[in-house]
Amino acid sequence: MEVSLGMPTLRTAEPGAADAGDAAGAAMSGDAAQLTRAADRTRAELGRRAASAPTAPGLHDRFGRRGTDLRISLTDKCNLRCTYCMPAEGMDWMPQSSLLTAEEVIRLVDIAVDVHGVRDLRLTGGEPLIRPDLESLIAGVRARHPELPIALTTNGIGLTRRAQALRDAGLTRINVSLDTIDADTFAAMARRNRLADVLAGVEAALAAGLHPVKINAVLMRGVNDDQAPELLAFCLERGLQLRFIEQMPLDGDHGWTREGMVTAAEVRAQLAEHWDLVPDDEPRAGAPAERWRVFARGAGPGPGTARPAGAAEPRARAAEPGAGTAQPLGRVGVIASVTEPFCAACTRTRVTAEGRVRSCLFSHEEFDLAAALRTGASDEEIGRLWQQAMWLKPKAHGMDHVGLDSEDYVQPERSMSAIGG
């Protein structure tokens, strides 16, 4: 069956691995018959397991959720080797010929938006700036969907040369991964000495008007777990929106442990020692980040106002004229996939760089759209396969229950770079 377990190579011994490599192998060899077999297996498997999926437009699942936020990975390659994402070396890269072309990405976006009502697009990797056709890809999507928000997640390397061109092509907003502003810590975490390049890329994104520019940060115990206040101060000074992300068990080295993870509560407690944090006044609406307005100490609402779980209580202070009326310095978000999961409100549907639907970030199975795409399937047929794949979306964390730290959780073989964020 066309269900992929593990990395998309033929050497793995996981069940179904040979089938999972068919589309990639066919793309390399030009074997139309092999592609047809892969597409037929996908149809048969989804027809058997998801025949009851609704036929009305929409990417629904069995738990009442609907996929309206599309994330497409453009490559598994990256010019950093962040410890929480990739191994230092030894990655099995996808063959170039197996990656979705710009035209195929645009067609999938068309189907997602026009057929199934997807409302947001995020381009991810790996590192999407590695794609030389990124600007033309974005321009192609924008020409067809003038109102569609198009976001990009990047490590920022190369943005100094391309930020304005991406903005001109139609990119709406950007997220830059930045875990620290200390050069030594950056080199230890990313295994590359490229902090100056990333910081320059952030400035280029701001100059190009890619607002809001969001910063994604992962804290690791004993590495940068004491740097949350420094990083937030840096972002507040520059008008950047910071998102702390709990480290998830998707690292290439499979070294994640619950005890070694810095929790969302710990992050909030650190920040609350320096600022008043007040729950955001905008609805979360299924977004992965819980957001907080950041006030200078003493300028936010007084005692009795709701505060972050795990955060320090506000210091006792006398009432001051104007207290609680100041404008926030900015906002900060925390994505707590492990300790405060939000699976019940998930709106995401993911497509990997080689064109497979991955309904949940932690899934152990994927369903190949690329084979159908490359063997003449109509938009309606591809849309139906996509519907059926999403109908099989797990309840949470790739299982039938929530629990990244539960005993029965099994980490997917693919690392984050191969999945797409």
Checklist entry - Going through the distances and angles, do Leu100 and Leu74 end up as a side chain to side chain contact (heavy atoms under 4.5 Å, CB included)? => result CA-CA 7 Å; Leu100 292 170; Leu74 301 182; over 6 Å; no
Side chains of [X] and [Y]: closer than 4.5 Å at any heavy-atom pair?
X      : Y      : answer
Leu166 : Leu159 : yes
Phe63  : Cys343 : no
Leu129 : Ile157 : no
Phe367 : Arg49  : yes
Phe186 : Ile181 : no
Leu329 : Trp275 : yes
Val294 : Arg331 : no

Item to check | Residues Arg243, Gln241; criterion side chain to side chain donor-acceptor pair (under 3.5 Å); working and verdict | outcome: CA-CA 7 Å; Arg243 299 288 185 271; Gln241 294 191 13; 3.3 Å; yes
Distance check, rounded to the nearest 0.5 Å: [X] atom [atom1] versus [Y] atom [atom2]?
X      : Y      : atom1 : atom2 : result
Ile130 : Asp76  : CD1   : CG    : 8.5 Å
Leu134 : Leu123 : CG    : CG    : 6.5 Å
Asn155 : Asn175 : CG    : CG    : 12.5 Å
Gln388 : Ser52  : CD    : OG    : 9.0 Å
Ile382 : Ile111 : CD1   : CD1   : 4.0 Å
Leu178 : Leu242 : CG    : CG    : 8.5 Å

Item to check | For Val223, side-chain contact (heavy atoms from CB on, under 4.5 Å) partners two or more places apart | outcome: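 Partners of Val223 by the side-chain contact (heavy atoms from CB on, under 4.5 Å) criterion, ordered by chain and then number, come out as Thr185, Met189, Met220.
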Next on the checklist: Going by the rule side-chain contact (heavy atoms from CB on, under 4.5 Å), which residues pair with Thr55 if we only count those two or more places apart in sequence or in a different chain?
Outcome noted: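 For Thr55, the residues satisfying side-chain contact (heavy atoms from CB on, under 4.5 Å) (neighbours in sequence not counted) are Arg384.
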Pairs satisfying salt bridge (Lys or Arg N to Asp or Glu O under 4.0 Å), at least one member in [range], at least two apart:
range            : result
residues 56-69   : Asp61-Arg65, Asp69-Arg71, Asp69-Arg348
residues 224-237 : none
residues 145-167 : Glu135-Arg162

Should [X] and [Y] count as an ion pair when the cut-off is N to O under 4.0 Å?
X      : Y      : result
Glu366 : Arg350 : no
Arg107 : Asp379 : yes
Arg356 : Glu354 : yes
Arg293 : Glu282 : no

Side-chain donor-acceptor pair present, [X], [Y], cut-off under 3.5 Å:
X      : Y      : result
Glu381 : Ser378 : no
Thr154 : Glu127 : yes
Trp386 : Thr349 : yes

Checklist entry - Does atom CZ of Arg238 have more than 12 heavy-atom neighbours from other groups under 6.0 Å away? => result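 More than 12 within 6.0 Å, yes.
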So, [X] side chain and [Y] main chain: donor-acceptor pair closer than 3.5 Å or not?
X      : Y      : answer
Gln270 : Val267 : no
Glu246 : Ala264 : yes
Glu104 : Thr101 : yes
Arg144 : Gly140 : yes
Ser363 : Cys360 : yes

Next on the checklist: Before you tell me yes or no, could you show the steps for Arg37 and Asp40 under salt bridge (Lys or Arg N to Asp or Glu O under 4.0 Å), namely the whole-Å CA-CA distance, both residues' side-chain angles and the distance that decides it to 0.1 Å?
Outcome noted: CA-CA 5 Å; Arg37 288 193 295 271; Asp40 288 344; over 6 Å; no
Checklist entry - Quick one: side chain to side chain donor-acceptor pair (under 3.5 Å) pairs with a partner in residues 197-211, sequence neighbours left out? => result Arg194-Asp197
Checklist outcome for this item: Residues Asp182 and Leu195: closest non-hydrogen pair is C-CD2, 3.7 Å
